[in-house]
Structure formats: C-alpha cells, structure tokens
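Each remark here refers to the structure printed beneath this line.
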Amino acid sequence: MNTIKTEVYTILEDAIRAAVAAGELAISEVPTIPFSPTKTPEHGDIATPIALGLAKQARMAPRNIAEIIRKHIDPAAHPIIRKIDIAGAGFINIHLSDNWLYDTLQTIAAMQAAYGSSDKGAGKRVQIEFVSANPTGPLNIVSGRAAAVGDTLVNLLNAVGYEAIREFYVNDAGGQVERLGESIDVRYRQVLGEEGLEIPEGGYQGEYLTEFAQTIVETDGDSHLQLEKDKRVALFRDKGIAHILSQQRASLERFKVDFDVWTSEQAIRNSGKPEEIMQTFREKSYLYEAEGATWFRMSDFGDDKDCVVIRQNGEYTYFVPDAAYHRDKFDRGFNTVIDLFGPDHQGHISRLKNFVKALGLPDDWLEISIIQQVNLVDAEGNRLDMSKRRGQFFTLDALIDELAETVGEEFAVDVARYFFLMRANNTHLDFNMELALTHASENPVFYIQYAHARCCSIFEQGGEHGIVAKPIEEVSLQQLNEPIEHELIRKLAEFPSIVLLSAETREAHRVPHYLHELAGIFHPYYNQHRVLDSEDLEKTYARLILVQSVQTVLKNGLTLLGISAPESM
RNA sequence: ACGCCUAUAGCUCAAUUGGAUAGAGCAACGGACUUCUAAUCCGUAGGUUGCAGGUUCGAGUCCUGCUAGGCGUGCCA
C-alpha cells in the first residue's frame, strides 16, 4: 500500500505540475498532497482533497481544479489506476485496479511474520521507561496498564525499525523506602508480641508487610531485636526492597513483560552523576541558598515556583537523582526517551522537562505520557469498590487471579492486556469486569482470537480432506472477486500503516481496534462463503490464500500486543 | 486559587491528527446451527459530538469564554 501511495502521489504531483506548466492552474508551488481515508468503496481506494486546498490560491472552484488535475493524468500510462472520480466538493477519488489487492496478498505471503513492519525508524535508539513502581508494595492495576502499554509500544517501535528497549527505574532510595523499613519494623515487633505500636505517618499499612514480617520471624526469630533501631530499620528496608522487588518481577513475568534494563536509584545516587549535574546547575547559576536549603530556579523556566533540591538535612530531594538519571539516559546514547508516568505524577512532568532543558538536552528528546487511572466497573458502568472486597487496594495479581478463575490462566493475561490496551493512554479506563469475564463473543479478545482459531481450523479441515494450500504463485487470485473479499484485503493492506501510526504517535490502542475490525469482516465472510469446496478447487485455493493472509495479520497484530493467537478454542 | 487531562448513542469507547453521510462493542428487541468451530452470523433501533461564540471552502478535531468531572500543585517519589 505504501509503495502504491507513493506511486499515486507522484502521478498526482506530475499532473499538478503539468497543469501549472500549461497555464491552467495559477499556483506558485505544489504543496504536500494529503490523502484522506476512503470510508466507502464508492470513494475509491485512495482519495485526496488537494483541489479543495488549492482553491484559494488558484482562485478557482475546487471541482474545476480537480477536473484540470484529472485531465493531466493519462490513464493509459498508469495501469494501476482504474478510474478517477471527482465527487463532493471536489474530492479526487482514485480507484485502483484489482491487481493492487492481489499485490497485497503477495506481500503478506512473502513477508509472513514480518508483514506490518518497516524500517522507518532507521535504527534510532529509543528507551521507554515504564511501571517504575516504588518497591514498597505489590503492583497495582495502573502499573499493569502501564506495563501492557509500555511493552506494546516497544514492540511497535521495534517493528517499524527503531531499536527500542524496556527499562524499569527502581526507587530503592529516599524517604519512601525508609518508611518501608519502619513499617516492617513495626510489623516485625507486633508479630513478636509487642503492643501499642502504630505504622508511622506515610508508612505502609498493607497486610503483605505483616505476612513478610512473619516470614522474617520464622527464619530469623527475634534476633533482630538486639540491633539498634536505626540499623534494624535499615536491615528491614533492604530486606523489604529485595522481597517486594522480586514479587514485582514475578508479577511482570506472569504478565509477560520482560524488562531489558533495571536501573537502581541508589546506583544513580552513588554514581557521582548527581554531583556532576549539580555542578552544572551551579555554574549556570540555577541554584541559590535559602531557609537552610538549596533551591533550583524553576521559575526561570516558567514554573510558578522554585523547588528545593537539597533539603535542610543535606539530602537530595528526588529531583536530583531523577535529573541525573535522565542525564545518564542521554549519555547512554538514546535518540529519544519516553517516560510513562502514573496519574499521580502529573506535577512532575513540567519540572522534569525543565531539568532536562537545564542540562542542555534537546527539547523533544524526552517525551512523557501519563497512563491514566483504571477503574474496575460492572456491566452498567458502576465502579466496583475493591477495597471493600479485598481489604486492600487491587493488585495486578489479584486481577489476573480473578480473571483466571473464569477464563483460565492462559487467557487471563490476554484479556487483561487487551483491556488495558484498548483505550488511549491519557483517558481514564473503565475496566468492565463483567465483559472481561465473559467467555463468549461479546468479549473482544475472544472475538479476535476466535477469528484466528477459525483460520487454523479451516486448514485442519482441509488437510483431513486432502486439500492443502498451494504456493501463491500457483493460485489464481482473480477468483477472489466477492465484494467482501475485496473488503477483507483492503483491511489487510491497512495493517502496516496502522502499525506505523501507532508507533509514531505512541497510541497503542489503534492496534486492538484494528484487529477487532479485521475480525469483524472475517467472521461474516466465514459465515457467508465456504472456503473449502471440493467442487471448485480453483476458488478454494484462492480463498485459502486469503485465509492465510488473515491468519498472518491477526497473529502479527496479537503478537505486537503480547496476546496469544490460539490455534483452537 | 492555579496547572494538566477528560466530556461523542442508555453504557464503554473509536474517528488515520482539519475532510465527504460521526463509526464499533456492550445493553435492548427480532431472526439463523444436518454446514470449514454458534466463542459465529443476519436484521431493527439508538446523535444538536457538554454549552456559547470564533477561525475557513470544510470543525468531534484548532482558538476564546463558560459548565461538569478526574488528577496534580509538600524539604514524599
């Protein structure tokens, strides 16, 4: 499709040039020619509103301009063009010959698992940092959404020629993990019978820390009580981080997300980078002392107030290691860095970008998207209050457990990933538990997977009757002449541009929608037209090629989403 | 108070980034299994795109002002 678009583009461009040369069109230069999507076959295969865009400059009615452009295209010289219509306000609708549809099938057959991919990214290196949950508790469902989105974006970017990696930033330093240590200390002593203790302000109340404290008591007994409190809290902090981190890793593994790099905040703090960037800031006079702390002139960058970078107690606030971390990312040679933040980090976006600017890094080098919150809802859209049901916040594991009870473990991850991916990142996501648990076609995941399974089933059935798909060169593709077959192929042809657009706009949700649409054409086709027909083998072989193509695209799409493509259901 | 995000069918969301008649899925109603898997299909119904202006050939999309909701504005991360 892309090469065909390029070809048509050139034809149109030449036609406009010719019209200008002939003095029929008074414009100074040929603008970029936009293509508008064709919503119905009546509008042809490729359409452009270019005549509308030129109307003002040329001081002519759009339809007249369109006529002039058409006049300068010689249909005989371009066999891929079947006919050109002018419609509506002056749209130029180009109908291609059926051969381009068959070319699409050739391309799919040739590329197989690579169909949909391209080299647009030219090997540019991209890092996506996501999840990066504090090691203070289990991953929640928003982290799950971020995991699904980040993982898929990396897949998409790699598919279109970037070299993208997944990275997790472990916040294993600072006040929050201190409070983790203190919280575990309280639970530990409570398990050993001490009374009147309370989880400190800002600490972690969750049941999971009591369970963890119990395992410490089981293995170490009360031996830690002999330590001074500071040392004991530090010990518990480190034990807690290691424990919770391993749980988070296990959850992610179950969710089929495999990070390439785990970076420790503590390691960044120890690397000397924070001191380096502070030196840079100091040299640029971005810092000043006040009220016993060191401040950064954030207001110079348009923020409404400055912020503290070194506290009264001499410690860095999280800004410093975070800025140092991004300096480190840049030093590692990434052309683009994408951070996916949780909904509670909105205030951090402009500041982090300002720090990056203060470090002298390019403006567009860092992209930050917010992955908005997730609500679990019932079929009527009423919010399910998980805290009442579980006595704690809803975790990713608990969600998958609940899904697995009904749809089975192997589909639970598929369903969760699909539901997390089906919405644009910056919108709140209502996770319809009832629909997710539906073991039927209403569930969009199964609808798509079932389409794939049906494709597989056709080949299995064919095999049993001695009908095996032939190589595409030996098949008469002209047999594919039903309107719905053409519609299917048109849809298949869209796939590469969907992948490219999703990758470049970082909007993964387009892929699930696309797959649902593709399945939505395949299922009716399956019902209306028999593929295997021993009375008409020529048609059967042609249709088998089409089914193979659908199967390939469904599988490629699902793979990008990290969702399985079952061969039977 | 300020900042960011959101507002589209009863519900949840799309709309190829300014293009043609705004599309899907749930939910509702009526039909189709001697058939390559009914986890499917066919049909019916559903809209002043929150409100008011503006920009232009053309606005769900861009600008301004309202209204409603979510989140964010700590020497927490």
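Side chains of A:S502 and A:E507: no donor on one and acceptor on the other come within 3.5 Å. For the residue pair A:D414 / A:Q449, a side-chain donor-acceptor distance below 3.5 Å is found, with atom types taken as modelled. Side chains of A:H428 and A:R423: no donor on one and acceptor on the other come within 3.5 Å. There is a side-chain donor-acceptor pair under 3.5 Å between A:H348 and A:D322.
A:R70 meets the salt bridge (Lys or Arg N to Asp or Glu O under 4.0 Å) test with A:E67; sequence neighbours excluded. Taking the side chain to side chain donor-acceptor pair (under 3.5 Å) definition, one finds that A:S299 meets it with A:D306, sequence neighbours left out.
Ion pairing of A:E201 with A:R179 is absent here, as no side-chain N (NZ or NE/NH1/NH2) approaches a carboxylate O to less than 4.0 Å. With salt bridges taken as basic N to acidic carboxylate O contacts below 4.0 Å, none links A:E182 and A:R237. In summary, A:D339 and A:K329 engage in a salt bridge, as defined by a charged side-chain N under 4.0 Å from a carboxylate O.
In this model, the phosphate group of B:A15 is not approached by any side-chain N or O of A:Y514 to a distance below 4.0 Å at OP1 or OP2. A close approach under 4.0 Å does occur between a side-chain nitrogen or oxygen of A:H509 and OP1 or OP2 of B:A15. Contact check, A:N426 against B:U6: a side-chain N or O comes under 4.0 Å of OP1 or OP2.
With B:C13, B:G19, B:U21 as the candidates, the nucleotide lying closest to the side chain of A:D430 is B:C13. Listed candidates were B:G70, B:G19, B:U21. Nearest to the side chain of A:H428 is B:G70.
Rounded to the nearest Å, the gap between the C1' atom of B:G10 and that of B:G54 is 33 Å. A distance of about 15 Å separates the C1' atoms of B:A45 and B:C26, rounded to the whole Å. The separation of B:U64 from B:G3, taken at their P atoms, amounts to 12 Å, rounded to a whole angstrom. Comparing the same atom, P, in B:A22 and in B:U48 gives a spacing of 12 Å after rounding to whole Å. Comparing the P positions of B:C11 and B:G65 gives a spacing of 29 Å, expressed to the nearest Å. Spacing between B:G58 and B:G19 at atom C1', rounded to whole Å, works out to 7 Å. Between the C1' atoms of B:A7 and B:U49, the separation comes to 9 Å (whole Å).
For A:K491, the NZ atom sits in a packed shell: over 12 heavy atoms of surrounding residues, nucleotides or ligands are nearer than 6.0 Å.
Distance CD1 (A:I521) to P (B:C42): 11 Å, rounded to an integer number of Å. Between A:I92 atom CD1 and B:G19 atom P the separation is 17 Å, expressed in whole Å. With rounding to whole Å, A:K56 atom NZ is found 12 Å from B:G58 atom C1'. Protein atom NZ of A:K5 is 13 Å distant from nucleotide atom P of B:U16, rounded to whole Å. In this entry the distance linking CZ of A:R510 with P of B:A14 reads 10 Å, nearest Å.
A:L501 comes within 4.0 angstrom of sugar-phosphate atoms only, judged by non-hydrogen atoms across all strands, and of no base. At a threshold of 4.0 angstrom between heavy atoms, the contacts of A:E507 include nucleobase atoms, whether or not backbone atoms are also involved. Within 4.0 Å of A:D533, counting heavy atoms only, lies no atom of the nucleic acid at all. Among the atoms of the strands shown, base atoms are found under 4.0 Å from some heavy atom of A:H529. Using a 4.0 Å heavy-atom cutoff across all strands shown, A:Y526 reaches at least one base atom of the nucleic acid. Contacts of A:S568 with the nucleic acid, taken as non-hydrogen atoms under 4.0 Å apart, include base atoms. Using a 4.0 Å heavy-atom cutoff across all strands shown, A:A61 reaches no nucleic acid atom at all. Among the atoms of the strands shown, none is found under 4.0 Å from any heavy atom of A:T38.
In this entry the base of B:C33 is syn relative to its sugar, with a glycosidic angle within 90° of 0. Glycosidic torsion of B:U17 falls within 90° of 0, placing the base in syn.
On a pure distance criterion of 3.5 Å, no polar donor-acceptor pair joins the side chain of A:N443 and the base of B:A39. Looking at A:R454, its side chain has no donor and acceptor atom pair within 3.5 Å of the base of B:U35.
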Anything under 3.5 Å between a protein N or O and an N or O of nucleotides 28-31 of chain B, put it in a table, one pair a line.
none

Each base of RNA chain B marked ( ) or [ ] if paired in-strand (Watson-Crick or G-U under 3.5 Å), | if paired to another strand and . if unpaired gives (((((((..((((.....[...)))).(((((.......))))).....(((((..]....))))))))))))....

Base contacts versus sugar-phosphate-only contacts with protein, heavy atoms under 4.0 Å: please encode nucleotides 72-77 of chain B as B, S and - from 5' to 3'.
SSSBBB

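With the nearest nucleotide of RNA chain B identified for both A:G462 and A:P34, A:P34 has the one nearer the 5' end. Checking A:R530 against A:H513, the closest nucleotide of RNA chain B that is more toward the 5' end is the one next to A:H513.
Of the residues in residues 415-424 of chain A, those with a non-hydrogen atom less than 4.0 angstrom from any atom of RNA chain B are A:R423, A:A424.
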Could you walk me through whether A:K305 and A:D303 pass the salt bridge (charged side-chain N to carboxylate O under 4.0 Å, His left out) test, one step at a time?
CA-CA 6 Å; A:K305 51 189 145 187; A:D303 207 295; over 6 Å; no

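Under the stacking criterion of a centre-to-centre distance below 5.5 angstrom and an interplanar angle below 30°, A:F91 sits stacked against the six-membered ring of B:A20. Using a 5.5 Å limit on the distance between ring centres and a 30° limit on the angle between planes, the aromatic ring of A:H43 counts as stacked on the six-membered base ring of B:A20.
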